[in-house]
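This report refers to the structure that appears directly beneath it.
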Amino acid sequence: MFDIKAIRENPADFDALWAKRGLEPLSKTILDQDALIRKAQQVVQEAEAARNKASKLIGQAMAKGDKDEAERLKTEVAGAKNVITAMGAQVEGEKAQLHALLSSTPNIPFADVPEGEDEDGNIELHKFMEPTQLGFDPKDHADLGEALGMMDFETAAKMSGSRFVVLSGKLSRLDRALTAFMLDLQTEEHGYVEHNPPLLVWGKALEGTGQLPKFEEDLYKTTVDHYLIPTAEVSLTNIVRESIIDPDTLPRRMTAHTPCFRSEAGSAGRDTKGMIRQHQFNKVELVSITRPEDSEAEHKRMLGCAEEVLKRLKLPYRVVELCTGDLGFGARRTYDIEVWLPSQNTYREISSCSNCGDFQARRMNARYKHAEKDNRFVHTLNGSGLAVGRTLVAVLENYQNEDGSITVPEALLPYMGGVTVISA
RNA sequence: GGGCGGGUGGCAGAGUGGUUGAAUGCACCGGUCUUGAAAACCGGCAUAGGUGAAAGUCUAUCGGGGGUUCGAAUCCCUCCCCGCCCGCCA
């Protein structure tokens, strides 16, 4: 959401930044609508003032027993009420229109975000390790997992359809080890506080983080108006909704390991094989709540916290900054971490860290006490630290041996109960 | 799921249809007094929006939404939350 006053003051700036994302100029439409509302609202408020004044006089007249005067005033109020009803309905309609427009409009990027139309415009910032050299033809994770007998897509399909999997045995254990490793790293070394938040949330929580109203088709909705979270970003960020935060507690860093649910509408045919794109997957999420002036530094820090997982697992990756055309709805800047997948001979996204500025904070009315009588919107950031399923994929593919067994990364050994190699 | 009782300003807590945006106390801010502090006393102290150069003024807000009424914190409907009892249940 946006500060309508800021748009009033710098409409051209907003249009220029939206243009970088490929949007048509919007400020005129927004400001015209805003002016329309204020004009109509003024009429309503004047009528309300007249009504309030006359009503008080009626009370006084009644107290004095002057019924004639009271009756006369009542007709006066009736006139005002007609205006209030008619114009009030119009104002509400116009406001709803403006709200619909504003809540469906994406955030503005920071001025220095690289311009580009799509992911081809993303900028590589740095790399870790060289792509894995196996010395034999790499298998993909699905073939490896199925051969091990611990990754079963067919059985999952019988009960749930495509894009689901049953992990079992050592691979299930590996998944749990990765989760525990990530949580321990983020909580014990990076200062994130572990949470177990709700997985079912109301629409207003999703409006707060920006998934609604625009991306409803990507979500699973229950029969009782709850939605399954598509990421723990929703639950963790909404922890500060409708609150005024003590600035001494900032930055507030939170993490959670949760399943994430995505309908993947519109991605038919993409990544249909394996665990890359599932309807349900586990993720360790990082969320930071900061003062506005601290968010950019916190963003870089968060990126480092996510990168550290891959460094310790010794998995090759690169970091890219998303260009304006590839930026998500709520983000002002996003860094993606892409891990090397030998079977695809390319880097694939495994984490996405975004600074949302005050975009989400405005939507959920999350503020901090900047000074006496001066509450300001916080900045919110989120990032994966990391997507567990995709990390499992990366471990399988990068640590595979020619015989189809998987060497357990050193960092995970404390979590694997003595297992050093996963084999059939 | 059923029944009952609640939800009022930073906190506590009055207020069941008429100058109540809301008594009172605490907390907080300014002042008087004091060598200083405390106490006492005096004054101030919600949020959002419109309008205005400003002072100001207008509107909305007593959990959310809707309704009744000339007028709603107060009455009605509905949803949410909290407490207690009953039922069900991992």
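Scope of the values below: all heavy atoms of this structure, side chains included, with no hydrogens, waters or symmetry mates. Here is the naming used below: chain letters follow the sequence lines, and residue numbers restart at 1 for every chain.
- To the nearest whole angstrom, the two P atoms, one in B/rG15 and one in B/rC75, are 13 Å apart.
- Look at CD on A/Gln42: it is 12 Å from C1' on B/rG49, rounded to the nearest Å.
- Of the P atoms belonging to B/rC42 and B/rC26, the separation is 12 Å, rounded to the nearest Å.
- Rounded to an integer number of Å, the gap from CG of A/Asp225 to C1' of B/rU78 is 14 Å.
- For the P atom pair drawn from B/rA54 and B/rC77, the interatomic distance equals 47 Å after rounding to whole Å.
- Put simply, the side chain of A/Lys20 gets close to the backbone of A/Ala111: a donor and an acceptor are under 3.5 Å apart.
- Here, B/rG66 and B/rA60 have their P atoms 14 Å apart, quoted to the whole Å.
- In this structure, A/Asp218 and A/Gln211 have side chains that are not in contact, with every pair of non-hydrogen atoms separated by 4.5 Å or more.
- Look at the P atom in both B/rC29 and B/rU19: the space between them is 34 Å, to the nearest Å.
- Spacing of P atoms, B/rA38 relative to B/rC85, comes out at 47 Å, to the nearest Å.
- Residues A/Leu178 and A/Asn282 are not in side-chain contact: their nearest non-hydrogen atoms beyond the backbone lie 4.5 Å or more apart.
- Here B/rU47 presents its P atom at 9 Å from CZ of A/Arg367, a figure rounded to the nearest Å.
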| Under a cut-off of 3.5 Å for both distances of each Watson-Crick or G-U pair, what dot-bracket string does RNA chain B give, using [ ] for crossing pairs and | for inter-strand pairs? | ((((((((.[[[..)..(.....]]].(((((.......))))).((((((....)))))).[[[[[..)....]]]]])))))))....

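- For the salt bridge (Lys or Arg N to Asp or Glu O under 4.0 Å) test, residues two or more places apart in sequence or in another chain that qualify with A/Arg253 are A/Glu298.
- Using a 4.0 Å cut-off between charged nitrogen and carboxylate oxygen, A/Lys74 and A/Glu71 count as a salt-bridge pair.
- With rounding to whole Å, A/Arg376 atom CZ is found 15 Å from B/rU47 atom P.
- Atom CD1 in A/Ile37 sits roughly 12 Å away from atom P in B/rU51 (whole-Å rounding).
- Taking the six-membered ring for Trp, A/Phe164 and A/Phe153 have ring centres at least 6.0 Å apart.
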| request: With side chain to side chain contact (heavy atoms under 4.5 Å, CB included) as the test, would you mind laying out the steps for A/Tyr317 and A/Ser351 before giving the verdict? | output: CA-CA 11 Å; A/Tyr317 69 84; A/Ser351 173; over 6 Å; no

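- Using a 4.0 Å cut-off between a side-chain N of Lys or Arg and a carboxylate O of Asp or Glu, A/Asp143 and A/Lys273 qualify as a salt bridge.
- For the pair A/Lys369 NZ and B/rA46 P, the computed distance is 12 Å after rounding to whole Å.
- Whole-Å rounding puts the A/Arg241 CZ to B/rC81 C1' distance at 14 Å.
- As judged by a 4.0 angstrom heavy-atom cut-off over every strand, A/Arg8 is placed among residues touching the sugar-phosphate backbone only.
- Under a 4.0 Å N-O distance rule, the pair A/Glu207/A/Arg363 does not qualify as a salt bridge.
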| field | Heavy-atom protein contacts under 4.0 Å, nucleotides 56-76 of chain B, coded B base, S sugar-phosphate only, - none | value | --SSS---------BS-----

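- The CG-P distance, from A/Leu57 to B/rG18, rounds to 16 Å in whole Å.
- Comparing B/rG18 with B/rU69, their C1' atoms sit 12 Å apart, to the nearest whole Å.
- A/Asp140 and A/Gln344 share no donor-acceptor pair across their side chains, judged by distance under 3.5 Å alone.
- Atom name C1', nucleotides B/rG13 and B/rC62: the rounded distance is 13 Å, in whole Å.
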